[in-house]
Amino acid sequence: MTKTNDDYDAPAVERRWQEFWEEIGLFEANEDSPKPKFYLLEMFPYPSGDLHVGHMKNYFIGDVLNRYKMMRGYEVLHPIGWDSFGLPAENAAIQRGVSPTAWTEENIATSRETLKRAGVGYDWRREIAACRPDYYIWTQWLFLKLYERGLAYRASGPANFCPSCNTVLANEQVVEGACYRCDTPVERRHLKQWYFKITAYADRLLDDLELIEKNWPRHVITLQRNWIGRSEGLTVRFPVVGGGDRHFDVFTTRGDTLYGVTFMALAPEHPAIAELTEGLPTKSDIETFCREAVKKKEVDRAAAATEKAGVFTGRYARNPLSGDEIPIWVADYVLISYGEGAVMGVPAHDQRDFLFARKYDIPVVPVIRAVDGELADEREMTEAFEDYGVMESSGPYSGLTSEEGNARLAEDGPKGGWGRPAVNYHLHDWLISRQRYWGAPIPIVHCAACGEIAVPYEELPVLLPPEDEVDFTPAERSPLASCREFIETTCPKCGGPAERDADTMDTYVDSSWYFLRYCDARNADAPWKPARVNFWMPVDQYVGGDEHAVSHLLYARFFQKFLADVGLVRDVEPFPLFFNQGMVKARVPKADGSSSMEVMSKSKGNTVAAGPFIAEHGADVARVYITFAGPPGKDMEWTEEGVGGTARWLGRVWRLVDGNIEGVRASVDAASLSAAERDLYVATHRTLKRVTDDLERLHFNTCVAFLMEFVNRLYAFENRKSPAFGYALHHLIKMLAPFAPHMAEELWRRAGHGDTVFREKWEEYDAEATAAALVTVVIQVNGKVRGRVDVAAGASEEEVFAAASADANVARHLEGKAVAKKILVPDKIFNIICR
RNA sequence: GCCGAAGUGGCGGAAUUGGUAGACGCGCUAGAUUCAGGAUCUAGUGAAGGUUUACUUCGUGCGGGUUCGAGUCCCGCCUUCGGCACCA
């Protein structure tokens, strides 16, 4: 492997400066600073213990900004902590009999050490860990706040259960029907669980996306919009024929197709099925169908999506508008979890209903025609007509457009008592209880006499019981449930015997408010002091992965809105500016000798461990390579060759600057420079401008490229004793600082400075120098490049034309032709159109 | 199926608003230096043609279009990668 330089022992130099920075408290953020604040945050990491270089990208992007913003004069809050509850610690306890606390703290220590060796600058005084009582006391405190407002509740309902993790999951944690963590297909189970009422904020979570839309990646905004999935329509009531006042509600976005309803379909899980079929000879068949349908969904969801199956219940409902009697079916394509768990079947205008109706010989009745067409003949239909159009055969609504009809129906429904406008969401309430040990206990007590009672605030935290008293053997209930010392308590209300809730909270609860805790991390009396949160918040730059687009980023927004409502925070959005960094890929060899680039992960065996890499090559190599290899927002490829190239370049920088260190100077007399020196001076300021502009745009890869270009230019510059050269080196050190902080700091010190370069001001570029007096204008003839001329900046069309005509090649192309038109883009391009 | 992102040399990638396509790096080639090197320095490197110097033609997934000028804008396709997937 390439060494940067024989004189430069990166690991030793880096260590020295890391200790120095810690000594002088370089990264400590202070609320009483006169500087403008900048809150920079990377997503709450799980302390995995063995960080690989893929993990580091996030932190390196953050730290480039951190150091740049410091040099730009900001008081930067750049904190770190650990999202340290969660299954791996508990699994370690099960598999190896180790203590989850000890195991986690050990991993935290390793992760912390790796980040420190990587030179990432954090205010370690604010370090937090979700698994420590001084943090989770406030997670519980926030649970109680939600509970007080009716936003935390326990209810029975269908839940996603992961049989491998032995716990339920939130909808957001089910990815393509499988557990997000272990990829096991989830099962639907009817269970009593704790929820946060995020749906109460659905509209605000949706509407406020407009506030952040411009400063978030578009796809993340789209994902959130789709996930919330607001849809407007009608709830229509269909009475059961001969069923007294029994009825079914259905949700539809297509009220205009109501006269085309030819059947009704209930989800197999619909609770009213049993009662509806009571006493009918078909009852047992229907029960069998429902059982099979529910099972089928679990086993094979993909197949169920194409082939629809159903069974007729033997009962009928009445269309409240047409008065028609329509058969009630149970159909496997109807979802219990959306709308009312029942749909009106309009085969003529809904493709799913159409397929279902054709399969079971249910009539198809078209009631919408295309605006410029005719009503379809049901016998000739091969698919549903799903577009809006004009209503026909629809009683008093015939002749209205779909839009008009829907508006009228929304008014008439409540008047006629058969329907009402309704809004449905794809978003469901957030299921937050987990049947696991390693999480924050839910601070609720169940009392036989008083029912569900909140643990009083002054009794928080509800501590996890000591690990040696808990049986971690996987079961379908929380390990806490079998720990008598934990469960048995007294009712805070009546004082009688009572039981604690045995479940713990989803770890996403922990990460929904951690960014607030950093503002006041050591507060023992409250989760935070509002003044402190209001000083630092909102987060000025959030950096993280888009895998959390509809989980953490949605939950945290929900928490922030709730906290704003109860006056604990000021801002309604926590992260007005979110940057989504790409992943690090590395080669995975295949059996046939070829290979592919895949995201670095332990399971693929293509990781490069961060600690050992840094110990061998130094952190600066890793930092510069990761920032240079590609735009920060896109995936990048980690290769040995790339690492070598970066190491080589840092060696070039070192030899160049250190070899001429005595000439480094902060200023130069611009007036006394020779032409060549003047050119170097201009190049220095042009580089400074380009690097500065691209730092602001987060285009770090091009910043490094510009620095490389600059270094190449400096190598080509012969007079190394020139003040212009020393001046260029001074600027190079400063521009290098955000990217290779250790080397820059070492060079800064060797150049004779006492303090850290990170307390120096970022240099301002000389606008006069960057706007050069002479510019190169490209000459085109009929749109093709035929030459280039150097002219004075701002040269007129006549001047450029005169210069262009003097160019032999241009003249050749103009020869014998008449100039028809001249287009000049000042200082850039001159296009001569001729015939 | 729906939504989103992206297709540029051998490779990773540059190119604010339409204005020199291929910056920078890797790799490769040649030379210098060195006891030697996978170290260092210098030069070259999109393709084709060319009196190998001028220079010319082609070239940013494909086909059209707008424009003096298109990687960039518009229309229609193709491919790849993500996300959601019976949402009524």
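Values below: all heavy atoms of this structure, side chains included; hydrogens, waters and symmetry mates excluded. Every chain is numbered from 1, with letters handed out A, B, ... down the list of sequences.
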Pair up each side-chain donor or acceptor in residues 337-348 of chain A with any protein partner under 3.5 Å, not counting sequence neighbours, and list the distances.
{"unit_1": "Y338(A)", "atom_1": "OH", "unit_2": "S231(A)", "atom_2": "OG", "d": "3.1"}

request  = Check whether any side-chain heavy atom of F706(A) lies under 4.5 Å from a side-chain heavy atom of E709(A), and answer yes or no.
outcome  = yes
ask   = For G64(B), does the O4'-C1'-N9-C4 (purine) or O4'-C1'-N1-C2 (pyrimidine) torsion place it in syn, i.e. within 90° of 0, or in anti?
value = anti
message = Show me the dot-bracket string of RNA chain B, counting Watson-Crick or G-U pairs under 3.5 Å, with | for pairs to another strand and [ ] for crossing ones.
response = (((((((..(((......[....)))((((((.......))))))((((.....))))..(((((..]....))))))))))))....
For nucleotides 47-49 of chain B, give me every protein contact, N/O to N/O, under 3.5 Å, one pair per line with atom names.
none

Strictly under 3.5 Å: I want the nitrogen or oxygen pairs between protein and nucleotides 59-61 of chain B, one per line.
none

inquiry  = Strictly below 4.0 Å: does R786(A) bring a side-chain N or O up to OP1 or OP2 of U56(B)?
reply    = yes
Distances under 3.5 Å between protein N/O atoms and the N/O atoms of nucleotides 82-84 of chain B, please, pair by pair.
none

ask   = Do R697(A) and D694(A) meet the salt-bridge criterion of a basic N to acidic O distance under 4.0 Å?
value = yes
inquiry  = Check this for me: E718(A), atom CD, are more than 12 non-hydrogen atoms of other residues, nucleotides or ligands nearer than 6.0 Å?
reply    = no
inquiry  = Each nucleotide in nucleotides 7-17 of chain B should get exactly one letter: B, S or -. Can you fill that in based on protein heavy atoms under 4.0 Å?
reply    = -----BSSSBB
Chi angles and distances behind the side-chain hydrogen bond (donor to acceptor under 3.5 Å, both in side chains) call for E637(A), T639(A) = CA-CA 6 Å; E637(A) 296 180 359; T639(A) 61; over 6 Å; no
ask   = How would you label the glycosidic angle of A54(B): syn (within 90° of 0) or anti?
value = syn
query = For D658(A), what residues pass the side-chain contact (heavy atoms from CB on, under 4.5 Å) criterion, not counting sequence neighbours?
reply = W654(A), I661(A), L747(A), R750(A)
By side-chain hydrogen bond (donor to acceptor under 3.5 Å, both in side chains) - contacts of D790(A) (at least two apart) = T776(A)
At a cut-off of 3.5 Å, list every protein nitrogen or oxygen paired with a nitrogen or oxygen from nucleotides 50-52 of chain B, distance to 0.1 Å.
none

Interface polar pairs with nucleotides 41-45 of chain B, N/O, under 3.5 angstrom:
{"unit_1": "C41(B)", "atom_1": "OP1", "unit_2": "R652(A)", "atom_2": "NH1", "d": "2.9"}

key: Passing candidate, side-chain contact (heavy atoms from CB on, under 4.5 Å) with F238(A), options I328(A), V261(A), D249(A)   = V261(A)
message = Quick check on U67(B): is either OP1 or OP2 less than 4.0 Å from any side-chain nitrogen or oxygen of N831(A)?
response = no
inquiry  = Measuring only between side-chain heavy atoms, which start at C-beta, is L409(A) closer than 4.5 Å to V236(A)?
reply    = no
note = Sequence neighbours excluded, the answer for side-chain hydrogen bond (donor to acceptor under 3.5 Å, both in side chains) partners of W418(A) is none
remark   = Hits for side-chain hydrogen bond (donor to acceptor under 3.5 Å, both in side chains) against R686(A), two or more places apart or cross-chain, chain-then-number order -> none
request  = Ignoring backbone atoms, test whether R352(A) places a side-chain nitrogen or oxygen under 4.0 Å from the OP1 or OP2 oxygen of A88(B).
outcome  = no
ask   = If you check the K821(A) side chain, which of C68(B), A21(B), A88(B) turns out closest?
value = C68(B)
